[in-house]
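Structure first, commentary second.
All chains are named by letter (A, B, ...) in the order of the sequence lines, taking the proteins before the strands, and each is independently numbered beginning at 1. Here the structure is a predicted model, which means the values were calculated and not measured.
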Amino acid sequence: MPELPEVETTRSGIAPSLLGQRVREVIVRQRRLRWPITAGFEAAVRGRVVTSVERRAKYILIGFDSGTAIVHLGMSGSLRILDPATPLLTHDHWDIVLGSGRALRFHDPRRFGSLLFTQVDPHRHPLLAGLAPEPLSDAFDADYLYRVSRRRKVAVKLFIMNSQVVVGVGNIYASESLFRAGIAPRRMAGRLTSEQCARLVRAIKDVLRAAVRAGGTTLRDYVNADGTPGYFSQRLFVYERAELPCRRCRTPIRQFVQGQRSTYWCPTCQK
DNA sequence: AGTGCGGCCTGTCCGC
DNA sequence: TGCGGACAGGCCGCAC
């Protein structure tokens, strides 16, 4: 579910309530997430102080004076700051109760999310060590995308969703970026011109930044740290708009499956 | 090495 | 009303 804008919105939403707080209690109700929550997690975090709340790709890194919790929201996860007495919903899998009397609560129906803990540099963790540049960083530019795409036969939509190419671009923003760049999703990555790479890089940065500003995209159940939805769904040009008229040229938007995921595009605006 | 899938889970919707 | 199948913001790990 959450892509970079939703994860960043969550990170910035929870950070002020976490920073500097001492952990009063850790409550784990369901250990079986994508990877099981390790037995020592509660003891490693209880009584410790939150020193940082950062993001790398779609991972939220909650730094304590004892190590780092690496949180992933998977397809259906969300994190909220609330009163720990708030009645539990099905799939509320863990709480971190803070000295302030508030709590960080993780909710995830599909349990594709995860909670890992590491005592060493989280960026060295196997899941993070091999990740490509952040899309909003200067390292992700037209020259980079042109260089790494050479001789790659994979379709450009799958290429930009590959976390060894660039991180944070999921199924919604991949389709949206390609629409904005005017590039057909089936175009072979290695056939992109340098001009197309430049347009695509700009489109990815623009769409991600705009989505962050809007608080992310809520399609079904995603909510921000305060429980409110994101509003970027109103600004989607193609995603989940199959057969509706293109917002630019009125041609019906088309849908097909690529890598077991739905792709949406306008055959007139994208070549 | 690059590519393509199965699988992890629950919830919802749609056709029969 | 029930039931099967498809599908849903991700992504690892395995075959070829």
Side-chain angles (χ1 to χ4, degrees), chain A residues 1-11 29-37 55-60 70-79 89-93 106-116 125-132 135 148-178 186 188-191 204 207-208 210-212 214-225 229-243 255-264:
Chain A
M1 94 172 277
E3 303 185 33
L4 185 147
E6 293 74 40
V7 176
E8 178 56 26
T9 299
T10 297
R11 186 207 66 76
R29 304 179 194 86
Q30 170 61 272
R31 310 197 87 85
R32 309 297 301 188
L33 303 183
R34 166 145 204 186
W35 292 284
I37 298 174
R55 180 188 58 75
R56 172 71 172 112
K58 296 173 190 166
Y59 295 93
I60 294 174
I70 302 174
V71 180
H72 199 291
L73 302 179
M75 292 275 268
S76 57
S78 56
L79 284 169
L89 304 174
T90 307
H91 312 302
D92 280 344
H93 301 315
F106 178 79
H107 177 86
D108 184 9
R110 293 177 71 180
R111 279 192 274 141
F112 289 177
S114 56
L115 170 61
L116 303 163
H125 190 281
L127 290 175
L128 277 69
L131 293 175
V148 300
S149 61
R150 294 311 85 189
R151 287 183 294 284
R152 296 293 296 271
K153 296 186 196 302
V154 71
V156 59
K157 194 233 185 183
L158 297 174
F159 186 68
I160 60 173
M161 290 180 69
N162 182 341
S163 63
Q164 298 191 21
V165 173
V166 60
V167 300
V169 181
N171 204 39
I172 297 177
Y173 301 112
S175 283
E176 293 297 313
S177 299
L178 288 166
R186 276 182 277 234
M188 197 185 289
R191 290 274 163 79
I204 289 170
V207 76
L208 292 179
V212 170
T217 299
T218 294
L219 297 175
R220 290 160 197 75
D221 50 6
Y222 169 77
V223 289
N224 297 325
Y231 295 101
F232 195 72
S233 51
Q234 299 164 14
R235 298 229 272 283
L236 298 176
F237 280 93
V238 292
Y239 192 80
E240 286 198 333
R241 288 181 50 81
E243 295 172 48
Q255 172 184 14
F256 68 101
V257 174
Q258 258 180 319
Q260 301 156 288
R261 317 296 301 280
S262 282
T263 297
Y264 300 84

**Prompt:** Rounded to the Å, how far apart are Arg110(A) CZ and dG10(C) P?
**Reply:**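 Atom-to-atom, Arg110(A) to dG10(C), this comes out as 10 Å.
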Check [X] against [Y] and note the closest heavy-atom contact, atom names and distance.
{"X": "Ile204(A)", "Y": "Val169(A)", "value": "CG2-CG2, 3.9 Å"}
{"X": "Leu208(A)", "Y": "Gly168(A)", "value": "CD2-O, 4.4 Å"}
{"X": "Ala174(A)", "Y": "Met161(A)", "value": "CB-CG, 3.6 Å"}

**Message:** Could you tell me the boundaries of the chain A footprint on DNA chain B, defined by atoms under 4.0 Å from its heavy atoms?
**Reply:** dG2(B) to dG11(B)
Under the salt bridge (charged side-chain N to carboxylate O under 4.0 Å, His left out) rule, collect the residues that match up with [X], sequence neighbours excluded.
{"X": "Arg186(A)", "value": "none"}
{"X": "Arg11(A)", "value": "Glu8(A)"}
{"X": "Arg235(A)", "value": "none"}

**Message:** What does the B/S/- profile of nucleotides 11-16 of chain C look like, 5' to 3', with a 4.0 Å heavy-atom cutoff to protein?
**Reply:** BB----
**Asked** What distance do Gln255(A) atom CD and Tyr264(A) atom OH have between them, rounded to the nearest 0.5 Å?
**Response**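 Answer for the CD-OH pair, Gln255(A) versus Tyr264(A), is 4.0 Å.
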**Asked** Nearest 0.5 Å, what's the NE2-OG distance between His93(A) and Ser114(A)?
**Response** 12.0 Å
**Asked** If you pin Arg151(A) and Phe112(A) to their nearest nucleotides in DNA chain B, which one's is more 5'?
**Response** Arg151(A)
**Item:** Rounded distance in Å between the P positions of dC5(B) and dA6(C)
**Value:**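 After rounding to an integer number of Å, I get 15 Å for this pair.
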**Request:** Please measure how far the P atom in dG6(B) lies from the corresponding atom in dG5(C), and state the result in whole Å.
**Result:**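 Comparing P positions in dG6(B) and dG5(C) gives a spacing of 15 Å.
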**Request:** Taking Watson-Crick and G-U wobble pairs with both distances under 3.5 Å, convert DNA chain C into its dot-bracket string, 5' to 3', dots for unpaired and | for cross-strand pairs.
**Result:** .|||||||.|||||||
**Prompt:** Are there more than 12 heavy atoms of other residues, nucleotides or ligands under 6.0 Å from atom CZ of Arg32(A)?
**Reply:**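 No, not enclosed.
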**Request:** Start with the C-alpha gap between Phe159(A) and Val148(A), add the side-chain angles, then the distance that decides, and say whether side-chain contact (heavy atoms from CB on, under 4.5 Å) holds.
**Result:** CA-CA 10 Å; Phe159(A) 186 68; Val148(A) 300; 4.0 Å; yes
